[in-house]
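Read through the structure below, which is laid out as structure tokens, and then see the notes.
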Amino acid sequence: MSERVQKVLAARGLGSRREIEGWIERGEVQVNNRTVKLGDQVDEHDVIRVRGRIVRRPEHPHRWIVYHKPVGEICSRSDPEGRRPVFASLPRLKGQRWVAVGRLDLNTSGLLLFTTDGELANRLMHPSMALEREYAVRVLGEVPPATQDMLREGVELEDGAARFDSLEEQGGEGANHWFHVVVSEGRNRLVRRLWDAVGVTVSRLIRVRYGPVVLGHGLKTGAVRDLETREVAGLYEAADLPVPDSVRTRGRGGPRRDPRGKPRDQRPGKAAPAGKARNSRAAREDGWSSSPPKKPGKSSSPAGRGGSRGAKPAGGRPGGGRSGGGGKPGGSRQR
């Protein structure tokens, strides 16, 4: 069966679909010694070369990991300013490369997904998938109910109207107040820009969920974990792709195990798997919960009207959107 060359190369883990399309446009990809164009197709008998090197069939099954990104790292492979790239913290691969699923800005921490399956990464990031991204947000000062309602209904940004699919208060002390918000699009710095549009200052931003995958409490900042089989299967289902055989047979996507036969994340002294929240000092400080999100429901926050500094109602969409889940600082269950 013939498929577009960029799709084949992405599936073999050479990079994201967008990266590979750039290689093709620059004439760096040949099929049977002929330079290809975007849209050209190949089959299993064709010989593909990238920059003169033959692309072999994958010798290793794909991998899928979560990285707990710290503040101060960039989502690029290199940086002229010398800042540390997130890729420097990932496990080394042979014959494959990591593809990031989305990005986080320099001052945002939390969940980053990586995989060697470029086709999966491309589908997960595609706007048509509308996968939910959930964030724990710490803001300065009180946020009136009318302002919260405006953020749910929509505000006008420089690149069009946007809104939070859900916004829930999670408590706080003094000048700091925590919220959990959910968006289902990947516009650059969208969460920060929405808060800024209504005159609210974000002092901390942590991504705690991407689609069906939750960050959880057991993963320290700067650490990596392999996704569990159920998490990987959930990603393929969310992307409307068939689940690979290596996932069904608990290949390299399963949890790592210790010599005694128990998954490492269930050994004494280790955090419970995602979905079994535990109270911890880190959880209280970060203000997020590892409990899995419940089914969408209406927000219980009071409706309100009115404006806020610098914001214009977008109109046409009701507040109280889907609930993406969340927990109060301290590891309480998400709602």
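Sequential numbering from 1 along the given sequence is applied to the chain's residues.
Salt bridge present: E231 and R225 bring a charged side-chain N and a carboxylate O closer than 4.0 Å. Classification of D196 and R189 as a salt-bridged pair fails, no side-chain N sitting under 4.0 Å from a carboxylate O.
Residues L90 and V71 are members of separate hydrophobic clusters, defined by side-chain heavy-atom contacts under 4.5 angstrom among Ile, Leu, Val, Met, Phe, Trp and Tyr. Using a 4.5 Å cut-off between side-chain heavy atoms of Ile, Leu, Val, Met, Phe, Trp and Tyr, with links allowed through other members, V50 and L38 fall into the same hydrophobic cluster. In this structure, L120 is a member of the same hydrophobic cluster as V243, with clusters built from ILVMFWY side-chain heavy atoms closer than 4.5 Å. Residues M129 and L111 share a hydrophobic cluster, clusters being chains of Ile/Leu/Val/Met/Phe/Trp/Tyr side chains in contact below 4.5 Å. The hydrophobic cluster containing V137 does not contain L140, counting ILVMFWY residues as joined when their side-chain heavy atoms lie under 4.5 angstrom apart, directly or transitively.
A side-chain N or O of R138 and one of S203 form a donor-acceptor pair less than 3.5 Å apart. W64 and Y236 share a donor-acceptor pair across their side chains, judged by distance under 3.5 Å alone. Inspection of the R49 and N33 side chains reveals an N or O donor paired with an N or O acceptor under 3.5 Å.
In this structure, S109 and L104 approach most closely via the heavy-atom pair O-CD1, 3.8 Å. In terms of heavy-atom proximity, L194 sits nearest to L151 at O-CD2, 3.4 Å. Listed here is the closest heavy atom pair of A162 and E185: CB-OE2, 4.3 Å. Taking each heavy atom of V224 and P91 in turn, the nearest pair found is CG1-CD, 4.2 Å. Taking all atoms of both residues into account, the shortest heavy-atom contact from R207 to R103 is NH1-O, 3.7 Å. Nearest heavy atom pair, residue L112 against residue G102, reads CD2-O, 3.9 Å.
For the atom pair CG (L9) and CD (E119), the distance works out to 11.5 Å, reported to the nearest 0.5 Å. Distance check: L93 CG to W98 CH2 gives 5.0 Å after rounding to the nearest 0.5 Å.
Within a 6.0 Å radius of CZ in R53, no more than 12 heavy atoms belonging to other residues, nucleotides or ligands are found. Annotation for R193: atom CZ counts as buried by contact number, over 12 foreign heavy atoms lying within 6.0 Å.
Of the possible donor and acceptor atoms, none in the side chain of R163 sits under 3.5 Å from a partner among the backbone N and O of M150. Using a distance-only test at 3.5 Å, with no hydrogens or angles considered, no donor-acceptor pair links the side chain of S166 to the main chain of V181. Here the side chain of H177 pairs no donor or acceptor atom with the backbone of V139 at under 3.5 angstrom. Counting only distance, with no hydrogens or angles, the side chain of T115 and the backbone of D117 share a donor-acceptor pair below 3.5 Å. Between the R152 side chain and the L167 main chain, a donor and an acceptor come within less than 3.5 Å of each other.
Side-chain atoms of Q30 and R51, non-hydrogen and from C-beta on, never get closer than 4.5 Å to each other. At least one side-chain heavy atom of V247 sits under 4.5 Å from a side-chain heavy atom of T229. Annotation: side chain of S89 is in contact with side chain of R84 (closest heavy-atom distance under 4.5 Å). Residues V29 and I48 are in side-chain contact: their nearest non-hydrogen atoms beyond the backbone lie under 4.5 Å apart. No side-chain heavy atom of W178 sits under 4.5 Å from any side-chain heavy atom of E169. At a threshold of 4.5 Å between non-hydrogen side-chain atoms, the residues F179 and Q148 count as touching. For the pair V31/V47, no side-chain contact is recorded, criterion being any heavy-atom separation below 4.5 Å from C-beta on. Counting heavy atoms from C-beta outward, E3 and Q41 have side chains that stay 4.5 Å or more apart.
Less than 6.0 angstrom separates the ring centroid of F164 from the ring centroid of W195.
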Test side chain to side chain contact (heavy atoms under 4.5 Å, CB included) applied to Q6 and I24, step by step: CA-CA 8 Å; Q6 60 264 39; I24 294 173; 3.8 Å; yes
Derivation of the side chain to side chain contact (heavy atoms under 4.5 Å, CB included) call for L205 and N107: CA-CA 8 Å; L205 185 60; N107 296 315; over 6 Å; no
CA sep, side-chain torsions, deciding dist, call: L241, R123, side chain to side chain contact (heavy atoms under 4.5 Å, CB included): CA-CA 8 Å; L241 289 172; R123 292 291 291 271; 3.4 Å; yes
K69 and C75: CA distance, side-chain angles, deciding distance, side chain to side chain contact (heavy atoms under 4.5 Å, CB included) verdict: CA-CA 9 Å; K69 175 192 175 297; C75 293; 4.3 Å; yes
Residues D105, R192; criterion salt bridge (charged side-chain N to carboxylate O under 4.0 Å, His left out); working and verdict: CA-CA 10 Å; D105 65 45; R192 292 184 185 274; 3.3 Å; yes
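Paired with Y135 under the rule side-chain contact (heavy atoms from CB on, under 4.5 Å), one option of V208, V183, I206 passes, and it is V183.
Residues passing the salt bridge (Lys or Arg N to Asp or Glu O under 4.0 Å) test with E81 are R83, sequence neighbours excluded. For R34, the salt bridge (Lys or Arg N to Asp or Glu O under 4.0 Å) partners at least two apart in sequence or on another chain are D40.
Listed by first and then second residue, the ring-ring contact (aromatic ring centres under 6.0 Å, His included) pairs involving residues 99-129 are F87-F114 (not counting sequence neighbours).
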